[in-house]
Structure formats: C-alpha cells, structure tokens
Student: 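I'd like to ask some things about the structure below.
Chain letters run A, B, ... following the sequence lines, proteins first and then strands; every chain starts at 1. Owing to the predicted nature of the structure, the values given are computational and were not obtained by experimental measurement.
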Amino acid sequence: MEPDQPEDQREDAAGSKLEEIIATRRAKVAELRAAGVEPYPVRFAPTATLADIRARYPDLEPQTDTGARCTVAGRLVQVRRLGKLTFLVLREDGVDLQLFCPRAALDEASRQLLELLDVGDWLGAAGEVVATKTGELSVKPATLTLLSKGLRPLPDKWHGLSDTEARFRQRELDLVVNADARRVFELRARVLGALRAEMEERGFVEVETPMLHPIPGGAAARPFVTHHNALDADLYLRIAPELYLKRLIAGGLPRVYEINRSFRNEGMSTRHNPEFTMLESYEAYADYHDVMDLTEALFARAAQAALGTTELTYQGRAVSLAAPFRRVPLLELVREATGRADLHYRMELAELRGVCEAHEVHWEAPWGAGKLVLELYEALVEHTLWEPTFVLDYPVEVSPLARRHRSEAEVTERFELILVGREHANAFSELIDPDDQRGRFEAQARAKAAGDEEAMVVDEAYLRAMELGLPPTGGLGVGVDRLVMLLADVANIRDVILFPTLRPQRD
RNA sequence: GGGCCGCUAGCUCAACUGGCAGAGCAUCGGACUUUUAAUCCGCUGGUUGCGGGUUCGAGUCCCGCGCGGCCUACCA
C-alpha cells in the first residue's frame, strides 16, 4: 500500500454505504427543521385507515374523481417519481394504498416535503379518493405530512428480508416487508382469542399466578434461577402454573385457566423455545374424560378461528381436527409397536430392558417398569401418530401429579394429545389425596437426590392446600405455540414467536 | 452436546481448479404528468463474520473462534 494516502483510504473505509445513507437522511431531518417542519410530530388524526378506503371503494372505474376527501397515514414503502408526477405507496397494518401526487395538486410545503421523502418514512396525506388512468385506487393529496423520518433503509423491496437470523433478531423489519410474518402473528392472535372465548363460554375464569416461584414445580424440567435482592432469596421462573392453579381450586374457584408464559432451562430446537406459552385449566368435579371433550372443543374452535375449518394441511399432509379424536391406552400402542402383546408394567425389569435393547432404546438402571415402557412409547410410537390421538394412562412412576387410575394400579388417569407426531396437550384426573401426593413428592425428591435434575421437590405449600381439601379435578395443559405452528403450517417454533430466544450478540 | 450447511455492498445474490471482488435493487446526481419491482442516463458504495496459517498471490485451501440454519441428542 502506498504511504501517500493511508488517511484517505481509512476514511473511505469507515464511511460505508449504510453510514452514508443514514447521514443523508439525517441531513434531510436538519433541512426539514430549518424549513420549520418537525420531522417527529406529536400527533396525527387520520379519518380513515387504508383498509377502510379499500373497503369503501372496491371497484372504481379508471379515472374517477370521487370528490370524497379523507386523511390517511402509513409507512412509505415505494416511491416512483416521474418528473412533475409522483406515485407513493403507503402501507398500514399490512394494507397498501397508492398516493397519486401530481405536483400541481400539492401545496407549497408538501412539494418541498416530497423532495425529502424516503422509503421507510411514516407519512400522512389529506386529499381526494380517486382512481388513476389504470384504475388504481389512490388518494390524491393536497397536503402531505411527515409523521416520522426513517433513518435506516428498508430491505430490498422485491426480495424482502430472507436472512433468518435477521428476521428473528429484527422482527420489526420482517413484519414491515414480509406479509407471511404478519399472517402468522395475526393467526396467532385469533387462536388466542378463540381459546379464551371457548374457556369463558364454559364458565372458566382467567387468572394470573406467579411467574417467580420460591421452588420450581408442576412439571419435570430444569428451571431458570434468579435472585431477588431485597428478599435476598433465589427465585425460579415458573416451569408450569399447575400447582398454583390447583390451589385456587382448593380455594373454591371451580373453573380457572391461565394463558401465559412458562420457562424451561433446557435444550432448544425447532419445537422448543426456552419461554413458551401454555394454556392450563382446572375444573372441579371433572375427570380426564371430561377434559378430553374440552380439549377437542378447544382445538376445533382454534382451527375454526384460524382457518375457518377443522380440516387442515400440515407440511403437505392432511390432518383433521374434527372430534372425536382417537383414544388409546399407551400400553396398547407399545404392545403394537413391539409386537409383544404380553408386555405389562408387572413384567420383570430384565425382560423389559431386553425389549428396549431389541428396539435399540436406551435404558438406565434406576428406571422402573413405567419409565421403561414410556421410553419405548416415546422412541417407537409418538412420532408416528399423525392424526389427533389421545394417548391414555401413563405410568404412575412418571406422573407424580396425576391420580391413580380408578381400576389399574400401575397407571394414572392421564392423557397426552399427540398430533403430527408431537405432543400438543397433557392432562389428567388430578391427584387429590394429600397423603398419596406426599409420597409421590418424596419419590421425586429421592430421584432428585440420585441425580435426576428434572425431578420435583416437595412443595409444602401445595400439600397444605391439598390437606385443606381439593375436590375431584380435571386439569389440562396445552402448548399454545405448537398449536399455532400446526394451524399456521410452519415447522419452526421461532416462526410463531415474535422475538424467539437467540444467543445474545457480542460486540 | 454431536454432524452437516451457511455467513461477500443497506437488501437479494454471483465470483470455475487459488489469479484485478461483481450484478440487480436501494442510495446519490440528471431526464420524465398515469406509474405498479416505472423507465432511461451517470456515479458511488467492500475489514468477503473474526483471528491465525499456507502461498508470489486467499472470498476460495488449512486451523481456531463467533453467529445462524437443518438434522440429531436432550426435553412431560
């Protein structure tokens, strides 16, 4: 490199295109202020949304002047300058509308503003609704009002933003330019609304229980730990709202539900985000058969709200959410999958381990029959269940909060709803016998002491509530993110969460 | 945690076996009163994710690291 001009070279390198663009736009901000225009005004009063205008004038003849005046607003997403005539395109809430701007129609201040406009700015326009020569519905403004000057460029108008990392980290950009991103989150909102509507109609009351828990409970999972300074106490982000909700049942609230976040400090995947949304509900006097009926209704209601039908396609394959769903005991599925009709929870451990080995299913020494059968089910069966299936009667050993089956000693009255090969809901006839519950907790505590990091600990506050008396109760948990994935037909949970958890960027 | 793949201009992408880092769009300047990704003319824009190494020469090959994606493992 020549020793002559190193300074210049360095300055050129520092002045990248992006910095140049931002500097140019800042200069426009200064120019506007110098001209007495505030580039970041405090308020604007549109008389119609872009969607209103489109709805009101569905098919004007080309070259119509309606005489109707309106004031609209949106983000400027396209600019086409043809000398004394300019076409602008505003976008508001996913709806685009053209502004037809012959220079002569604008007042003087608006003409000046027009020169300083960039794609990405927020803009208001007041004028007449017209259709252009080609029949494009437009507003022909007499005045333009800058609502906010954008300093950064929008992604490519044609190719949009496709870099997945950028889409997750800068979701606002994704939402501006990718219609499909909006579609998913609009669908998600309709699903949430449908779930709440169904619960409300059934007399469930929505409650909010703590997300900061003194001890983690309600699920087998590793928690996030945090610390409260004033209390000088460690707290855990909740892994499930279950125990608090059942305390409300004990307190005499007969039907409660909560839709909110839980947090699990575990692996991430296309189906697992560290924070995720669950619907949990508890209903006094109900058993898990009642809860299956409720679950069917919720899924059908959500599908109707999202898609207008219970017949859908997921990743190219048909699924029907029309009730009733298939109901089949877990043990039966494992017997089919292994070809061992004699398989049972009372089998010798050695023999069950042999079945595992025959199917290349990993097992560990501390596991009892229930855990071994569950492992077989998860390895061999779960991913094969495409149509909605209630898998019934999970082993007691792996279900510390579920009541024992009314007629079979080794299993609980618990089901999971499996769809498209993955779990979508988990529910049971709740365990309401406080002494049985204490024994289950103690078994969990022993497992934890033996190294099982996901095992539960004894929750005395919950046991006290149970000792007060918990009526027969049916409980349900639904993975809302997965339900939205199913209905939106997306394969990655990060596509249904606005701001998915990502590794923080170092700088 | 493991395997594979990716990271090049603001965005979307090229660059053969190692041989001058390019295009389109956007930006900037100019023309244009009916466009629809407007068109036309001209210009500008680079630490090729980061750090080493090999080589006369590295976007390209090697090593390490970072971030992401997919698969897998884990995961009620």
Student: Judged by each residue's nearest nucleotide on RNA chain B, which is more toward the 5′ side, Lys133(A) or Val79(A)?
Tutor: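 It is Lys133(A), whose closest nucleotide lies nearer the 5' terminus.
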
Student: Would you state whether a donor and an acceptor, one from the side chain of Lys17(A) and one from the base of rU44(B), lie under 3.5 Å apart?
Tutor: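 Result: at least one qualifying N/O pair found.
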
Student: Have a look at Thr270(A) and say if it touches a base, only the backbone sugar-phosphate, or nothing, with a 4.0 Å heavy-atom cut-off.
Tutor: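 Here Thr270(A) touches the backbone only, sparing every base.
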
Student: Roughly how many Å apart are rA14(B) and rU72(B), using the C1' atom of each and rounding to a whole number?
Tutor: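 To the nearest whole Å, 33 Å.
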
Student: Side chain of Arg169(A) only, please: which of rU34(B), rC71(B), rG68(B) is the nearest?
Tutor: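 Of rU34(B), rC71(B), rG68(B), rG68(B) is nearest to the side chain of Arg169(A).
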
Student: Would you say that Leu333(A) contacts Leu385(A) through its side chain, given a criterion of any heavy-atom pair below 4.5 Å between the two side chains?
Tutor: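 Yes, at least one pair of side-chain atoms sits under 4.5 Å.
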
Student: Write down the distance separating the C1' atoms in rG18(B) and rC61(B), rounded off to the nearest Å.
Tutor: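 Between the two C1' atoms, the distance is 8 Å.
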
Student: Please check if the number of heavy atoms outside Arg403(A) that lie under 6.0 Å from its CZ is greater than 12.
Tutor: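 Open: at most 12 neighbouring heavy atoms sit under 6.0 Å from CZ of Arg403(A).
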
Student: Which is true for Pro400(A) with a 4.0 Å heavy-atom rule: it touches a base, it touches only sugar-phosphate, or it touches nothing?
Tutor: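 Base: the residue Pro400(A), judged by heavy atoms under 4.0 Å, touches a nucleobase.
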
Student: Give a yes or no on whether a donor-acceptor pair under 3.5 Å exists between the nucleobase atoms of rU34(B), that is its base, and the side chain of Gln63(A).
Tutor: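 No pair found.
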
Student: Categorize Val398(A) for me: base, sugar-phosphate, or nothing, with a 4.0 angstrom heavy-atom threshold over every strand shown.
Tutor: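 Base, at least one base heavy atom under 4.0 Å.
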
Student: Without decimals, in angstroms, what is the distance between Ile22(A) CD1 and rA26(B) P?
Tutor: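 To the nearest whole Å, that distance equals 19 Å.
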
Student: Say we look at rG3(B) and rC63(B): how far apart would their P atoms be, to the nearest angstrom?
Tutor: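 One P to the other, the span is 13 Å.
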
Student: Considering every strand and a 4.0 Å limit on heavy-atom distances, what is the contact class for Met278(A): base, sugar-phosphate, or nothing?
Tutor: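 No contact.
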
Student: Based on Watson-Crick and G-U pairs with both distances under 3.5 Å, what dot-bracket line describes RNA chain B 5' to 3', crossing pairs as [ ] and inter-strand pairs as |?
Tutor: (((((((..((((.....[..))))..((((.......))))......(((((..]....))))))))))))....

Student: Nearest to the side chain of Ser269(A), heavy atoms from C-beta on, is which of rA73(B), rU12(B), rC67(B)?
Tutor: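 Nucleotide nearest to Ser269(A)'s side chain: rA73(B).
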
Student: Taking only the C1' atom of each, what is the distance from rA9(B) to rG45(B) in whole angstrom?
Tutor: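 Pairwise C1' distance, rA9(B) against rG45(B), rounds to 6 Å.
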
Student: If you check every side-chain atom of His159(A), which of rU35(B), rU12(B), rA76(B) has the closest atom?
Tutor: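 For the His159(A) side chain, the nearest candidate turns out to be rU12(B).
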
Student: With a 4.0 Å cutoff (strictly under), does any side-chain N or O of Lys157(A) reach OP1 or OP2 of rG10(B)?
Tutor: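 Lys157(A) to rG10(B) OP1/OP2: no side-chain N or O under 4.0 Å.
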
Student: Could you tell me whether Gly477(A) contacts a base, only the sugar-phosphate backbone, or nothing, with contacts defined as non-hydrogen atoms closer than 4.0 Å?
Tutor: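 Contact class for Gly477(A): none.
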
Student: Any base atoms under 4.0 Å from Ala219(A), or only sugar-phosphate, or nothing? Heavy atoms, all strands.
Tutor: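 Result for Ala219(A) = nothing.
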
Student: Distance between the C1' atoms of rG66(B) and rU48(B), in whole angstroms?
Tutor: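 Each nucleotide's C1' atom is 16 Å from the other's.
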
Student: Quantified in whole Å, what is the C1' atom distance between nucleotide rG51(B) and nucleotide rA58(B)?
Tutor: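 Going atom to atom, C1' in each nucleotide, I get 15 Å.
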
Student: If we ignore angles and hydrogens, is there a donor and acceptor under 3.5 Å between the side chains of Glu364(A) and His362(A)?
Tutor: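 Distance-only check passes for Glu364(A) and His362(A).
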
Student: Mind calculating the distance between CH2 (Trp158(A)) and C1' (rA23(B)) to the nearest angstrom?
Tutor: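 Taking CH2 of Trp158(A) and C1' of rA23(B), I get 18 Å after rounding.
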
Student: Would you indicate what Arg222(A) reaches in the nucleic acid, counting non-hydrogen atoms under 4.0 angstrom: base, sugar-phosphate, or nothing?
Tutor: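 Nothing, no nucleic acid heavy atom in range.
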
Student: Do Asp156(A) and rG24(B) share a donor-acceptor pair, side chain to base, under 3.5 Å?
Tutor: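 Flag set: donor-acceptor pair detected.
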
Student: I want to verify a distance call: between rA76(B), rU33(B), rU72(B), whose nearest atom is closest to the Leu85(A) side chain?
Tutor: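 Given the options rA76(B), rU33(B), rU72(B), the side chain of Leu85(A) is closest to rU33(B).
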
Student: Pick base, sugar-phosphate or nothing for Leu374(A), based on heavy-atom distances below 4.0 Å to the nucleic acid.
Tutor: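 No contact.
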
Student: Tell me which nucleotide among rG68(B), rG10(B), rU33(B) gets nearest to the side chain of Glu165(A).
Tutor: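 When the side chain of Glu165(A) is considered, rG68(B) is the closest of rG68(B), rG10(B), rU33(B).
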
Student: Check every strand shown and say whether Leu82(A) touches a base, only sugar-phosphate, or nothing at a heavy-atom separation below 4.0 Å.
Tutor: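 The residue Leu82(A) makes base contact.
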
Student: Report the residues that fulfil ring pair (Phe, Tyr, Trp, His ring centres under 6.0 Å) with Tyr377(A), sequence neighbours left out, ordered by chain and then residue number.
Tutor: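 Checked Tyr377(A) against ring pair (Phe, Tyr, Trp, His ring centres under 6.0 Å); zero matches.
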
Student: Is the distance from OP1 or OP2 of rU35(B) to the nearest side-chain N or O of Lys140(A) less than 4.0 Å?
Tutor: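 Checking Lys140(A) against rU35(B): no side-chain N or O falls below 4.0 Å of OP1 or OP2.
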
Student: Of the candidate nucleotides rA37(B), rG68(B), rU44(B), which contains the atom at the shortest distance from the side chain of Glu20(A)?
Tutor: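 That would be rU44(B).
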
Student: Within the pair Gln78(A) and rA38(B), is there a side-chain N or O less than 4.0 Å away from OP1 or OP2?
Tutor: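 So the side chain of Gln78(A) is within the cut-off, an N or O lying under 4.0 Å from OP1 or OP2 of rA38(B).
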
Student: Counting only side-chain nitrogens and oxygens, does Arg80(A) get under 4.0 Å of the OP1 or OP2 atom of rU35(B)?
Tutor: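 For rU35(B), neither OP1 nor OP2 has a side-chain N or O of Arg80(A) closer than 4.0 Å.
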
Student: Any base atoms under 4.0 Å from Phe168(A), or only sugar-phosphate, or nothing? Heavy atoms, all strands.
Tutor: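 Sugar-phosphate, backbone atoms only, no base.
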
Student: Is the Lys NZ or Arg CZ of Arg171(A) less than 6.0 Å from the centre of Phe499(A)'s six-membered ring, within 45° of the axis?
Tutor: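 No cation-pi geometry.
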
Student: Would you kindly give the CG-to-C1' distance between Leu117(A) and rU27(B), to the nearest whole Å?
Tutor: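 These atoms are roughly 15 Å apart.
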
Student: Base, sugar-phosphate, or nothing for Arg81(A), non-hydrogen atoms under 4.0 angstrom?
Tutor: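 Base, at least one base atom sits under 4.0 Å.
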
Student: Does the side chain of Ser162(A) get closer than 4.0 angstrom to OP1 or OP2 of rC13(B) through an N or O atom?
Tutor: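 The answer is yes; a side-chain N or O of Ser162(A) sits under 4.0 Å from OP1 or OP2.
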
Student: Let's see if you can work this out: which of rU12(B), rA76(B), rC28(B) has an atom nearest to the side-chain heavy atoms of Asp118(A)?
Tutor: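 The closest nucleotide is rC28(B).
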
Student: Please report the distance, rounded to the nearest Å, between CD in Glu115(A) and P in rG29(B).
Tutor: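 Glu115(A) atom CD is separated from rG29(B) atom P by 10 Å.
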
Student: Please work out which residues in residues 419-428 of chain A have a non-hydrogen atom less than 4.0 Å from an atom of RNA chain B and list them by number.
Tutor: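 Of all residues in residues 419-428 of chain A, the ones placing a heavy atom under 4.0 Å from RNA chain B are Glu423(A), Asn426(A).
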
Student: What distance, rounded to whole Å, do you find between the two P atoms, one in rC65(B) and one in rC20(B)?
Tutor: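 The answer is 31 Å between these two P atoms.
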
Student: Indicate the atoms forming the closest heavy-atom contact of Leu401(A) with Glu430(A), along with that distance.
Tutor: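 The answer is O-OE1, 3.6 Å.
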
Student: Please state the C1' separation for the pair rC32(B) and rC40(B) - nearest whole angstrom.
Tutor: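 Straight-line distance between the two C1' atoms is 9 Å.
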
Student: Does CD belonging to Glu61(A) count more than 12 external heavy atoms closer than 6.0 Å?
Tutor: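 Counting neighbours around CD of Glu61(A), 12 or fewer heavy atoms of other residues, nucleotides or ligands fall under 6.0 Å, so no.
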
Student: Hey, is the side chain of Arg503(A) poking within less than 4.0 Å of OP1 or OP2 on rG68(B), counting only N and O atoms?
Tutor: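 Indeed, a polar side-chain atom of Arg503(A) lies that close.
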
Student: Could you tell me whether Phe415(A) and Phe428(A) have their ring centroids closer than 6.0 angstrom?
Tutor: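 No; Phe428(A) has its ring centre 6.0 Å or more from that of Phe415(A).
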
Student: So for Thr24(A) and rU27(B), does any side-chain atom that can act as donor or acceptor lie under 3.5 Å from a complementary atom in the base?
Tutor: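 Result: no qualifying N/O pair found.
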
